[in-house]
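Along the sequence shown, residues are numbered consecutively beginning with 1. Read the numbers this way: they start at 1 and go in the same order the structure lists the ligands and their atoms.
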Amino acid sequence: MASLKICEDTFWVGVNDKRDILFEGLWPITNGVSYNAYIIKGSEKIALIDSVDKFYSKELLANIEEVVKCSEIDYFIMNHIEPDHSGSFEAVIKEAKKAKVVSSQSGINFARSYYGENFEAITVKDGDIIDLGNHKLKFITAPWLHWPETIFTYDTLSQALFSCDAFGTFGSIEGKMFDEDIDKKFYESEMKRYFADIVSHYSQYVLKAGEKIKDLPIKILCPSHGPIYRKDPKYPINLYLKWSSGKDEEKVLIVYGSMYDHTDEIANYVENKIKEKGIDVKSFNVCKVHPSFILPELIDAKAVILGSPTYEASIYPPITNFLEYVKVKSIKQKIFGVFANYTWGSNIPEQIKNRLNEIGMKVIEPMVLIKGRMKEEDKNKIDALIENLFKVLKD
Ligand code: FEO
C-alpha cells in the first residue's frame, strides 16, 4: 500500500508490518500491524508526523516521495519515540536535511539517547502551535500513552487528531484504510487486545487524555496503528474510555494449564457448572493460548477461576508466567477461585493464593485440591467453590 490522501493537504505515508511475529518481542501479531506516518502540506511549510519501524525505512521514504520531496520537509514531528514510530529516524533525517525535529522535551531527550546529537530540535509544551501557513498544528501533551514523553498533534484546519498509540489497534490495513470500509468486528477485537497488551497499564492516563480532548472538535482521528476514522472518530475513543473505566462485565474466566488432560477435565466441569448458572464464562488453557489473548478478556471480567497442576512441587510454570503478565500489566483487583491437582507435592493452592495476594488479587474459599483424576467427591468441593463465587459476585 503506497501513500493515500486522507483529506485536503493530508496524506498517509505509513507501512504495514506483516513480517514481525511478536510486537515488542512479546505480543503475537498474527494479523500484522500498521505503523502510520502522515504528511501535511501546508501553504508555507510541510510536516511529517511520526515515522515507522526501521526495517521499513525505504518504504516510508518512497511513500513520502509520492507526496512531497523529502528535502522539502520543514518539521519532523515525533509524537512518541518508541522505535516502532522512530526507527526510521536516521533515514528520515538523512534525506530531510532541513527538517527540525519537534517533540516534547523528554521526547527530544529520548531521541538523542537513540539517535545522537546531529539534528536540530524544537521542544513543544501543551498548547504550543507550529504554523504551516493555512494549517496550524497544536500540541497536546498525553503522558504515558504510551510512554512518558508522548504528545498528540491536532490540526486546527482539518480538525484531524494524530494520537499515535492512543486509540490504535493491532491488525494491518489490507487496502481499506478508513473506518467506513473496514471490518469493524475484526478491528474492535484487535483493538481491545492492543489496548489490554500495550495501553491498559496506563488506563488512568487514557481517562485524563479523554478529559483533555472531550471538547476538541475532531473530524478525523489518525492513530499510528490501524485504520483512520472519518465517519465516526469518537468510536475508538469511547471504546478506550470504556475499557479504562474499570467497570467489569458479568463474566467469569477460567484460566488453567494442563499436562495430561486431568486439569482440563476439571476446567470443563467448572465451565459447565458456571454455564448452568447462566453466567457468561470463557475458558483459556494457557498451554495453548498466549496471555495476549487472555488479558483483553481479563480487563473487564469480574472473576477468575485459576487451575494449575502441580509441577516439581510448585505452581505449573505456564500459570506462573500468566500471573507475571497480570502483575506487569497492573490488572486491577479481581476475585479469584483456585483449583489444583497433584499426584505428589500437595501444597500448591497455598502457593497460588500467596502469589495472587502478592499481586493484589482476592482469593475466595474453599480452594480445591484434587489428588489424581477428578472423582465424584471432588465435584462437591468444586460446587462449593462455585456457590461461594456467586455469592461474592452478587454482593
Ligand atoms: Fe506504537 Fe508505544 O509505540
Side-chain angles (χ1 to χ4, degrees), residues 12-38 48-57 59-60 76-92 101-104 106-111 113-115 139-153 161-173 177 187 190-206 208-209 221-229 236-237 239-240 243-244 292 295-296 325 328-330:
W12 178 86
V13 291
V15 301
N16 283 295
D17 183 354
K18 293 180 205 158
R19 179 188 68 102
D20 270 346
I21 298 164
L22 295 174
F23 189 80
E24 295 185 333
L26 285 171
W27 313 106
I29 40 172
T30 29
N31 299 307
V33 67
S34 75
Y35 309 121
N36 301 339
Y38 301 94
L48 167 66
I49 301 179
D50 290 327
S51 75
V52 302
D53 182 274
K54 186 177 182 176
F55 183 83
Y56 296 97
S57 298
E59 199 179 326
L60 169 70
F76 177 19
I77 296 167
M78 291 299 317
N79 281 330
H80 175 32
I81 313 296
E82 190 165 10
D84 53 328
H85 307 292
S86 76
S88 301
F89 188 96
E90 285 166 315
V92 168
V101 177
V102 181
S103 192
S104 62
S106 49
I108 295 297
N109 292 345
F110 293 175
S113 77
Y114 286 159
Y115 309 114
F139 300 101
I140 300 162
T141 52
W144 299 106
L145 298 179
H146 116 264
W147 278 6
E149 87 295 9
T150 312
I151 54 173
F152 295 166
T153 301
L161 180 70
F162 301 88
S163 58
C164 206
D165 279 354
F167 320 124
T169 173
F170 288 138
S172 61
I173 300 156
M177 185 86 225
Y187 281 107
E190 282 292 80
M191 186 183 289
K192 193 172 183 190
R193 189 163 73 87
Y194 175 86
F195 171 83
D197 295 355
I198 310 298
V199 183
S200 65
H201 184 86
Y202 306 107
S203 287
Q204 58 176 306
Y205 293 94
V206 173
K208 281 182 186 170
L221 182 71
C222 304
S224 286
H225 299 293
I228 291 165
Y229 301 83
I237 297 174
L239 284 176
Y240 265 61
W243 296 327
S244 297
S292 172
L295 291 173
Y325 278 83
V328 167
K329 286 293 152 187
S330 298

**Asked** Does the side chain of Y115 come under 3.5 Å of the side chain of S86 through a donor N or O and an acceptor N or O?
**Response** yes
**Message:** Below 2.8 Å, can you find an N, O or S atom of E82 next to atom 1 (Fe) of ligand 1?
**Reply:** no
**Message:** Quick check on atom 1 (Fe) of ligand 1: does H80 put an N/O/S atom closer than 2.8 Å to it?
**Reply:** no
**Message:** To make sure I understand the geometry: which N, O or S atom in D84 is closest to atom 1 (Fe) of ligand 1?
**Reply:** OD2
**Prompt:** D53 side chain to G87 main-chain N or O, any donor-acceptor pair under 3.5 Å?
**Reply:** no
**Fill in**
Of Y205, F195, Y202, the one forming a ring pair (Phe, Tyr, Trp, His ring centres under 6.0 Å) with Y240 is F195
**Request:** Under the side chain to side chain contact (heavy atoms under 4.5 Å, CB included) rule, what do V199 and W243 come out as? Steps first, then yes or no, please.
**Result:** CA-CA 10 Å; V199 183; W243 296 327; over 6 Å; no
**Request:** Output yes if H85 passes the N/O/S-under-2.8 Å test against atom 1 (Fe) of ligand 1; output no otherwise.
**Result:** yes
**Request:** Looking only at N, O or S atoms, find the one in H146 nearest to atom 2 (Fe) of ligand 1 and name it.
**Result:** ND1
**Asked** Of all N, O or S atoms in D165, which has the smallest distance to atom 1 (Fe) of ligand 1?
**Response** OD1
**Request:** Taking all heavy atoms of V52 and all of Y35, pick out the closest pair and write down the distance.
**Result:** CG1-O, 3.6 Å
